[in-house]
2 protein chains.
Amino acid sequence: MGKNATDTASQSGRPDDSAESACCTPIPDIDEDALVGDVQLLSALGNDTRYELVRRIGAAEDSVCVCDLEAAVGISQSGVSQALSRLYSAGLVTRRKEGSWRYYGLTDDAEQILDTLDALGGDHE
Amino acid sequence: MGKNATDTASQSGRPDDSAESACCTPIPDIDEDALVGDVQLLSALGNDTRYELVRRIGAAEDSVCVCDLEAAVGISQSGVSQALSRLYSAGLVTRRKEGSWRYYGLTDDAEQILDTLDALGGDHE
DNA sequence: CAACTATATTAGAACCTGCTCATATTACTA
DNA sequence: TAGTAATATGAGCAGGTTCTAATATAGTTG
């Protein structure tokens, strides 16, 4: 305590009012609201279990029943259901009910993203 | 750059050859190793702070100095540095040193993904 | 060299996520 | 209607993530 003998000079301000800013390039403002939706989508995909589910659904010809997915990803039925639910909220999968079964498929958005990811790093396998 | 030829022959992994399966459509196996890299990329982007950084870097004409980003995203210098570090590891941003400053820019991969995200939901809005 | 600036790294606390278990719901069947 | 199968939902915990503060490192300048 008792450290504030002489308050330092102006330090925490942004030194950019002079016309000759040293490093600072002006960055334009962005639409922060638009970010929220994107982050929701990306964070839904950015998880091992959910991404594997999406990939498996995408690899199937048609939509896939939950029971298949359970066997594939190796977590409990409840976990799969929750994961699919999150993907659905993020707009990445479609749901179709048929009898007691639910069939999941990819949305167009999800397919677009997977295509883009497949096209990345096309040089290193 | 064709699709990866998943030509895996029938591997004796799962006993599901009985024709009795009621709902189950066969889902092909997928390349689990390839998923890891994608998830790393997606989870790096799937965070408010990091995605905002990426968007701000992308919105600038040229590369951006860290000091600008700090002011923009409203977290501590340390936090910004850590976030940029993670984006760099994920292959989403480039680093350039110039004097005491570091300039960050987007990689081609990051630009591709942002373009894809911008193109999604092009009908509603 | 000493002081200062810009960025990186480390440590640790608060918060968030993703799983399992238990239970609820819905649809089919005898 | 009872019983059973398929999926969803809720509680709660283990482990992970993301901040902040403190400190280290590197470049720059007097």
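The structure displayed is predicted, hence computed values, not measured ones. Chain letters run A, B, ... following the sequence lines, proteins first, then strands; residues in each count from 1. When reading the values below, keep in mind they use all heavy atoms of this one structure, side chains included, and skip hydrogens, waters and symmetry mates.
One interatomic measurement links the two molecules: CG of B:Leu45 to P of D:dT18, which rounds to 12 Å at whole-angstrom precision. Between A:Leu87 atom CG and D:dA8 atom P the separation is 12 Å, expressed in whole Å. The separation between A:Arg96 atom CZ and D:dA6 atom P is 17 Å, rounded to whole Å. To the nearest angstrom, P of D:dT28 lies 8 Å from CH2 of B:Trp101. Rounded to an integer number of Å, the gap from B:Lys97 NZ to D:dT25 P is 13 Å. The distance from atom CD of B:Glu70 to atom P of D:dA21 is 13 Å, rounded to the nearest whole Å. The separation between A:Leu84 atom CG and C:dC19 atom P is 11 Å, rounded to whole Å. The CD-P distance, from A:Glu98 to C:dA27, rounds to 14 Å in whole Å.
Contacts of B:Gln77 classified as side chain to side chain contact (heavy atoms under 4.5 Å, CB included), with partners at least two apart in sequence or in another chain: B:Glu70, B:Ser81.
With distances taken from any side-chain atom of B:Tyr104 to the nucleotides D:dT28, C:dA8, C:dT26, the minimum falls on C:dA8. Out of C:dA6, D:dA8, C:dT7, the shortest distance to the side chain of A:Arg102 is found at D:dA8.
For the pair A:Arg95 and A:Tyr88, the cation-pi test (distance below 6.0 Å, angle within 45°) is passed.
Between A:Arg95 and D:dT7, a side-chain N or O to OP1/OP2 separation shorter than 4.0 Å is absent. Within the 4.0 Å cut-off from OP1 or OP2 of D:dT17, not a single side-chain nitrogen or oxygen of B:Arg50 is found. For A:Asn47 and C:dG18, the shortest distance from a side-chain N or O to OP1 or OP2 is below 4.0 Å. For the OP1/OP2 pair of D:dT18 and a distance below 4.0 Å, the side-chain nitrogens and oxygens of B:Arg86 include at least one atom meeting the criterion.
At a non-hydrogen distance threshold of 4.0 Å, B:Gln77, B:Ser78, B:Ser81, B:Gln82 from residues 73-83 of chain B come into contact with DNA chain C.
Annotation: side chain of B:Ile113 is not in contact with side chain of B:Leu42 (no heavy-atom distance under 4.5 Å).
Looking at B:Ser43, its side chain never comes within 3.5 Å of a backbone N or O of B:Gly46 through a donor-acceptor pair. In this structure, the side chain of A:Thr107 engages the main chain of A:Gly91 through a donor-acceptor pair within 3.5 Å.
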For this session: Before giving the answer on side chain to side chain donor-acceptor pair (under 3.5 Å), spell out for B:Gln112 and B:Thr116 the whole-Å C-alpha distance, their side-chain angles and the decisive distance to 0.1 Å.
Result: CA-CA 6 Å; B:Gln112 298 268 354; B:Thr116 300; 5.6 Å; no
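Among the heavy atoms of the strands, none lies under 4.0 Å from B:Tyr88.
Placement of A:Ile30 and B:Leu92 within a single hydrophobic cluster is found when ILVMFWY residues are connected by side-chain heavy-atom separations under 4.5 Å, directly or transitively.
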